[in-house]
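Whatever order the structure lists them in is the order used to number ligands and atoms, beginning at 1. Atoms considered below: every heavy atom in the structure, side chains included; atoms not considered: hydrogens, waters and symmetry mates.
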Amino acid sequence: MVSDRFIWCRNCDAVHHVTSCDRAPQYVYVEGGVEEIPGDDWRAFMKQHEGHRLEPLKASGEKQFCQSSMSDPMGVAYIEVTNGRDHLLLRQSRANIAEPLSFEVTRGRLVDQGLTVCIQDSEIKKEMRCHFKWYADAFDDQKIDLFVQLFRDVVTVIEPETIEVAGFFSKDDNVTFGLLPADVIELLMAKCSSYFQPRELDDIRRFIDSHGEPCDVLALVMRRQLKIEQSAA
Ligand SMILES: [Zn+2]
């Protein structure tokens, strides 16, 4: 688990992330072998900022990954922290892949702007192409695109808050997966009936029935939109 504690030097505006790696040595490759560099980032930080005004900061709730995925080592994240009185925002970034994460204090808050709902367009298309591959009168790309377009239209009428959360996305804290509600499936089938032949409708129904699991391609993608609201110091 990633630590949610930081030390902030008010004199230098420097931030140290308190982690379990603080005392871990670093290993560097040198000619003929590996060399150990004793590490103690916490002690080094405390020494560097000796006599300065230090404040502990603790993550207070919201966290946002700006570049959508926390698996991206270069991704920028904003973390809400508090020193017990004020709410502050830490900007987490990395200058390059070899550097450790660095943190910077900014005044501001993450403002929740609600959920947006979308479908997994490209995954659905890929799955449909695979699903209909063996059919004599296969669903061609045009029909698949049409289905995806109709699905996308239907989803716009759903109130995000009414969707049952079915799973979480390990790479982004702001994304959850939602179950496709039964009445939305019926709405989609009704829309499809204007464009597809009865036999194609049966095929679509079977595709929907066999891909409705929470982890499957028909699951809805709900993304929480957070805005960074800067405030004056
Ligand atoms: Zn300092």
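H49 contributes ND1 as its N, O or S atom closest to the Zn ion (ligand 1). Considering just the N/O/S atoms of H52, the one nearest the Zn ion (ligand 1) carries the name ND1.
Under a 3.5 Å cut-off, the side chain of R94 and the backbone N or O of E99 do form a donor-acceptor pair.
If you look at H211 and H131, their ring centroids are closer than 6.0 Å.
Salt bridge absent: E127 and R129 never bring a charged side-chain N and a carboxylate O closer than 4.0 Å. Classification of K191 and E186 as a salt-bridged pair fails, no side-chain N sitting under 4.0 Å from a carboxylate O.
The angle subtended at the Zn ion (ligand 1) by SG of C9 and SG of C12 is 110°, given to the nearest 10°.
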